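Before I ask anything, here is the structure I am working with.
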Amino acid sequence: MALQETQILEAYRTMRTIREFEERVTAEFEKGGIPGFVHVYDGQEAVATGACMHLTKDDYVGSTHRGHGHCIAKGCDIKGMMAEIMGRATGLCRGKGGSMHIADIDQGMLGANAIVGGAPPLAIGAALSAKTLGTKNLSLSFTGDGGSNQGTVFESMNLAVVLQLPTIFMYENNGYGEHTGAAYAVGCGDIAGRAEAFGMPALRVDGLDFFAVYEAMQEAVDRARSGGGPTAIEASAVRFNGHFIGDPQLYRGEGELDRLRRDSDCLKIFSKRVIGDKLLKKSQLNAIDREVAVLIDSAVEEGFAAPFPAESELLTDVYSNY
Amino acid sequence: MALQETQILEAYRTMRTIREFEERVTAEFEKGGIPGFVHVYDGQEAVATGACMHLTKDDYVGSTHRGHGHCIAKGCDIKGMMAEIMGRATGLCRGKGGSMHIADIDQGMLGANAIVGGAPPLAIGAALSAKTLGTKNLSLSFTGDGGSNQGTVFESMNLAVVLQLPTIFMYENNGYGEHTGAAYAVGCGDIAGRAEAFGMPALRVDGLDFFAVYEAMQEAVDRARSGGGPTAIEASAVRFNGHFIGDPQLYRGEGELDRLRRDSDCLKIFSKRVIGDKLLKKSQLNAIDREVAVLIDSAVEEGFAAPFPAESELLTDVYSNY
Amino acid sequence: MPIKTIRQAINDTLRSEMRRDSTVVIIGEDVAGGAGSDGIDDAAGGVFGVTKGLVGEFGRERVIDTPISEAGFIGMAAGAACTGLRPVVELMFFDFIGVCFDQIYNQMAKFRYMFGGKTDTPIVVRAMVGAGLRAAAQHSNMLHPLVASIPGLKVVMPSNAYDAKGLLLTAIRDNDPVIFLEHKTLYDTSCEVPDEEYLIPFGQAAFTREGSDITIVSMSSMVLRCNEVADKLAAEGIYADVIDLRTVSPIDEGAVLESVEVSGRLVIVDEANERCSMASEISSIVAEKAFHSLRAPIAKVAAPHSPVPFSPSLEDIYVPTAARIEDAVRATLEA
Amino acid sequence: MPIKTIRQAINDTLRSEMRRDSTVVIIGEDVAGGAGSDGIDDAAGGVFGVTKGLVGEFGRERVIDTPISEAGFIGMAAGAACTGLRPVVELMFFDFIGVCFDQIYNQMAKFRYMFGGKTDTPIVVRAMVGAGLRAAAQHSNMLHPLVASIPGLKVVMPSNAYDAKGLLLTAIRDNDPVIFLEHKTLYDTSCEVPDEEYLIPFGQAAFTREGSDITIVSMSSMVLRCNEVADKLAAEGIYADVIDLRTVSPIDEGAVLESVEVSGRLVIVDEANERCSMASEISSIVAEKAFHSLRAPIAKVAAPHSPVPFSPSLEDIYVPTAARIEDAVRATLEA
Ligand SMILES: Cc1ncc(C[n+]2csc(CCOP(=O)(O)OP(=O)(O)O)c2C)c(N)n1
Ligand SMILES: Cc1ncc(C[n+]2csc(CCOP(=O)(O)OP(=O)(O)O)c2C)c(N)n1
Ligand SMILES: [Mg+2]
Ligand SMILES: [Mg+2]
């Protein structure tokens with residue numbers, strides 16, 4: 001089960017790609033080049049990456065409003081994503097979805113979802129398909145600490161247990177749902193414990209630690225693929241930004257954000273660990289950084305150069321036939 | 001805290017009234033005198049009675065589709081109820097609500113509710129009123145084993161914990177939701193445990209034992225009135241009938257119903273106990289039986305004699321002004 | 001040709017489709033029944049017995065009982081529809097849409113559009129609609145206008161067993177989400193239903209009566225009352241087109257407009273609450289597109305702006321009666 | 001007289017009502033913000049700042065932040081409304097009605113009827129509607145026809161700050177459930193708003209432009225576009241009545257019918273998806289009740305039968321534009 005060097009490199013590339021992607025999205029949004037409401041994922045890269053590395057494209061992921069990182073980790077095309085967020089015809093969803101609805105069924109990405117708690121029911125549906133069709137595939141849904149209080153999420157957990165579905169509920173607890181603390185909104189203060197009471201194993205991991213997430217997922221994935229039913233994982237995480245780009249973050253404590261960026265940066269933690277343990281060399285990471293920067297640069301450039309959807313697109317894709 | 005003789009007599013009267021009421025409703029339904037879908041409560045009398053005896057009319061109860069027993073225990077007018085179930089103008093809701101919607105806000109009865117999981121949100125609302133207005137009142141919601149899987153119920157528990165509301169979640173586990181066993185539908189097999197994981201104390205009681213229910217409620221009521229927040233109670237119970245009147249009950253095991261009626265009749269258990277413990281005399285119970293029979297007889301008689309609502313009623317009571 | 005009730009026609013169609021296509025699964029509360037209990041396995045077959053017997057042939061893997069968690073299992077079915085299954089999910093009473101509306105409105109209906117056309121969502125949501133059984137305010141509604149107004153959904157409302165079969169076949173094989181609404185008072189109505197396979201295309205209304213004096217448009221159980229009124233008038237020499245829309249999304253505008261272009265008079269009968277109903281919609285289509293053919297005000301006959309009352313004396317006048325329809329038709333003829 | 005934005009008018013009105021009546025409470029996600037965290041208490045005041053500052057004056061007991069559990073807290077507010085409070089509950093984006101529709105449709109709207117008139121349910125549900133902010137398919141809808149069609153609810157849609165104040169006062173003091181819909185693109189629009197208290201009755205439309213050549217009916221943000229078109233035509237000597245319905249339940253039928261009786265021509269502009277919209281409803285009312293005054297087909301200008309697209313190039317043509325409205329008006333004048 002020890003990770004190969006290529007896998008570790010791959011993990012770093014994914015995390016770095018997410019970071020770079022989100023930082024550029026933020027910058028371009030602030031410059032006015034990106035429309036709409038955008039929720040970026042930077043800070044939480046280790047969770048999406050550690051979780052999705054176990055999946056093939058026939059496994060399905062259901063995501064949240066903060067979905068870019070999940071999409072990237074699941075293998076969605078970076079340029080298609082950037083163009084989508086910019087509302088271009090070349091976007092993954094032809095510009096019709098936007099940041100909150102990026103999806104790519106062919107990559108097993110069931111979509112970001114602008115309705116909090118929207119994804120878990122859909123994800124257990126993908127698990128039902130896998131079970132009924134007898135594949136060994138599984139599904140994974142992401143839910144935030146805030147979303148963990150939504151009725152659909154509870155119902156999905158019960159259904160997954162009753163039907164013994166090959167699915168994983170990943171709770172990313174970044175401490176806030178919009179402007180409200182998880183310490184307030186999660187009455188019991190223990191998302192994993194609450195999930196466990198629904199009748200499935202629940203694991204708690206440090207979501208800043210890619211390796212910890214990867215390992216917990218291994219257990220959950222093995223269980224799912226071998227017919228052992230669902231697992232819940234609560235990953236502690238940090239949000240490096242506001243709820244959406246532009247949030248003044250008045251709910252943060254004095255110096256909180258600086259502290260987080262300094263001490264709780266999953267990328268720094270990862271680099272330190274892999275270099276310290278001599279798993280990778282700094283130069284390897286630097287090389288990836290450069291490649292990723294080039295990729296994101298060209299994604300932004302190509303995105304801005306791409307056309308907006310033509311008027312005739314307004315009424316297509318509503319039905320497959322009507 | 002020991003119950004006074006008058007209270008024990010009162011408890012018996014309530015239980016007997018529910019039993020008699022439901023048996024007559026069943027009989028009249030089968031004869032064709034009662035329209036609609038009717039879910040009777042007989043078998044579960046000890047739960048409603050043990051729970052509601054702690055409440056004043058300024059405490060609120062939210063009920064279910066199987067609400068007659070809760071209404072009676074909460075003090076709703078028997079004749080008004082019977083007339084309502086018959087669709088008469090003299091009914092508690094002027095014939096507009098029917099069996100699944102009997103309500104009497106003046107008695108603190110927020111209504112039977114034909115939507116499974118409908119009541120808990122409303123009941124915590126009554127608790128919010130009590131808390132905000134600074135009264136010492138509380139609220140109580142009833143939910144079945146089947147209903148315990150509904151998202152609204154989970155959300156309400158979390159809200160009650162977060163806002164520390166004076167409310168009680170009473171789960172009546174009668175083993176079935178319609179034609180499906182609780183053993184199947186409640187994935188974790190432990191409604192109380194699941195409630196506890198939401199962050200509130202949860203008690204388990206034998207719902208056939210009025211005294212056990214009464215005692216558990218005492219603890220919950222004391223907690224609520226003293227600002228200690230919500231409590232969940234799971235009461236095991238038995239349903240003496242089908243889901244609705246007319247249900248062939250194919251899901252029951254061989255002889256199950258006979259066994260339940262013989263060994264698990266909360267009224268028999270109550271009588272045996274109070275007579276055995278010399279709390280009451282058989283003759284006292286018999287006297288109540290006769291009085292109750294007379295009351296129900298006249299409720300049926302007056303119900304059948306009452307007029308149906310006039311056509312002009314169709315459009316009244318939609319708004320207070322429009 | 002065999003005579004079947006709607007209940008039987010739906011049951012048979014589900015069975016034949018499940019035999020034909022192993023990805024068709026049935027999901028819902030008590031669609032089999034009996035799980036987690038000591039009795040027999042096929043204890044329910046739906047609360048009105050529509051799915052009775054299917055679990056025996058196809059097993060619990062394909063006839064899936066659920067906990068009472070509509071948002072969860074309707075969403076689950078939607079997710080399954082995008083990933084290889086063709087679920088026929090039962091919502092029991094359509095009034096329960098209140099607890100799972102997001103899954104229908106924001107999720108399944110919008111996937112294809114939001115995802116830029118990259119997914120099909122072949123799901124059928126079956127549910128019962130309508131008043132008449134004294135089921136009161138939370139079990140008796142006609143919410144078809146609500147779903148018909150939602151882009152991305154198709155909405156089917158058969159009025160007879162023949163159509164129920166042909167429309168259900170089309171629904172199951174369709175690649176878009178279809179809401180299939182069964183009127184509870186129609187389950188026991190019957191007519192000839194051929195054994196052979198036939199698909200009725202969506203958006204194609206049926207003329208259940210023909211005549212050029214007036215156009216009466218309706219759907220679901222109201223079609224029966226319209227036919228009754230038309231027959232009565234026919235005995236007097238007044239002939240009506242009675243148009244059964246069969247699907248309220250898509251709408252067969254052509255059939256309605258053509259008929260009105262001849263008759264010049266239109267009555268629409270809809271059991272929904274009148275405001276923003278299909279009656280309103282059809283009226284507005286005609287007032288825009290066949291205005292110059294109209295010779296009289298357009299009449300809507302619908303339920304009043306009130307919840308469904310429990311008492312028989314009120315429910316019976318809440319639902320449009322043949323007498324009300326007849327009055328509206330006569331008034332329109334005379335206007 | 002002070003000039004205020006709609007945001008400010010609503011904020012001030014909430015504050016004055018909370019001062020006047022201690023049973024008025026505000027409930028919703030982040031209506032205060034900052035709970036369970038280390039920052040300041042009044043961290044949000046609603047995602048668009050509409051309730052900003054209220055927690056400072058009234059405290060967390062009356063400005064109640066909730067977990068993300070709309071069904072739970074909207075139901076809680078409904079229960080509170082029957083038992084002594086007058087909650088103003090915020091649903092944030094009205095699109096979220098999908099997860100709490102039962103509480104609105106089956107519960108609060110029906111209590112009074114089901115209970116035989118024995119309860120009042122004085123609750124206001126505030127929510128944002130409408131497209132224009134590139135918020136895409138799940139945050140941009142106009143669902144007012146849906147709630148307007150539900151008996152038991154009242155539905156308010158102010159188009160300006162003056163009306164927002166007068167209508168919100170009426171809403172809070174009303175004893176029935178009121179859905180109060182704020183168009184997100186209007187928050188920063190402003191006009192004169194008197195400091196004195198004034199209540200605008202429900203069911204009373206406003207004529208924002210007057211003229212006898214044609215009648216244009218609209219509501220919420222579309223009123224601004226209709227005014228624009230009317231002003232342009234007025235410069236050509238063509239005068240339109242522009243009717244701002246202000247409430248879509250109740251509907252001021254009288255205002256519409258009277259205007260059409262004079263003009264004989266009607267265009268209805270509604271940002272909702274066209275099918276079963278308020279445009280359809282108003283059209284059908286006129287086609288029934290003022291048919292003989294009509295001199296031209298009734299035109300509906302509404303959103304097409306598709307979800308709201310994200311891309312600016314599509315969203316801008318999805319929402320009815322002034323150009324489309326103008327075309328419809330000219331066509332109707334010429335028909
Ligand atoms: C049903 C619903 N309610 C409310 C919202 C508004 N909203 C969007 S994100 C969010 C907070 C989610 O918090 P969390 O689940 O912790 O995710 P995070 O933003 O921290 O990633 C809220 C309230 C929504 N989109 N959908
Ligand atoms: C939202 C919703 N889903 C389904 C139903 C149909 N239904 C009515 S009662 C019931 C079973 C409820 O079971 P339980 O909560 O155990 O209560 P019991 O009938 O045993 O008292 C169901 C499924 C409903 N009324 N509302
Ligand atoms: Mg969070
Ligand atoms: Mg039960």
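Just so it is clear: chains get the letters A, B, ... in the order the sequence lines come, proteins before strands, and each one is counted from 1. Since we're looking at a predicted model, the values are computed, not measured.
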Which atoms form the tightest heavy-atom contact between A/Ala197 and B/Gly193, and what is the distance?
CB-O, 4.0 Å

Pairs involving residues 109-128 of chain A, ordered by first then second residue, that meet ring pair (Phe, Tyr, Trp, His ring centres under 6.0 Å) (sequence neighbours left out)
none

Sequence neighbours left out, what passes ring-ring contact (aromatic ring centres under 6.0 Å, His included) with A/Phe240? Give chain and number order.
none

Less than 3.5 Å apart and able to act as donor and acceptor by atom type: which atom pairs between chain A and chain B qualify?
{"unit_1": "A/Asn149", "atom_1": "OD1", "unit_2": "B/Asn158", "atom_2": "ND2", "d": "3.1"}
{"unit_1": "A/Gly151", "atom_1": "N", "unit_2": "B/Glu155", "atom_2": "OE2", "d": "2.5"}
{"unit_1": "A/Glu155", "atom_1": "OE2", "unit_2": "B/Gly151", "atom_2": "N", "d": "2.6"}
{"unit_1": "A/Asn158", "atom_1": "OD1", "unit_2": "B/Gly187", "atom_2": "N", "d": "2.9"}
{"unit_1": "A/Asn158", "atom_1": "OD1", "unit_2": "B/Arg194", "atom_2": "NH1", "d": "3.4"}
{"unit_1": "A/Asn158", "atom_1": "ND2", "unit_2": "B/Asn149", "atom_2": "OD1", "d": "3.2"}
{"unit_1": "A/Asn158", "atom_1": "ND2", "unit_2": "B/Ala185", "atom_2": "O", "d": "3.0"}
{"unit_1": "A/Ala185", "atom_1": "O", "unit_2": "B/Asn158", "atom_2": "ND2", "d": "3.0"}
{"unit_1": "A/Gly187", "atom_1": "N", "unit_2": "B/Asn158", "atom_2": "OD1", "d": "2.9"}
{"unit_1": "A/Arg194", "atom_1": "NH1", "unit_2": "B/Asn158", "atom_2": "OD1", "d": "3.4"}

Go through the atoms of B/Leu163 and report whether side chain, backbone, both or neither lie under 4.5 Å from a heavy atom of chain A.
side chain

Residue B/Ala160 versus chain A: region with a heavy atom under 4.5 Å
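Interface part for B/Ala160: neither.
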
Is it the side chain or the backbone of B/Val153 that comes within 4.5 Å of chain A heavy atoms, both, or neither?
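No part of B/Val153 comes within 4.5 Å of chain A.
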
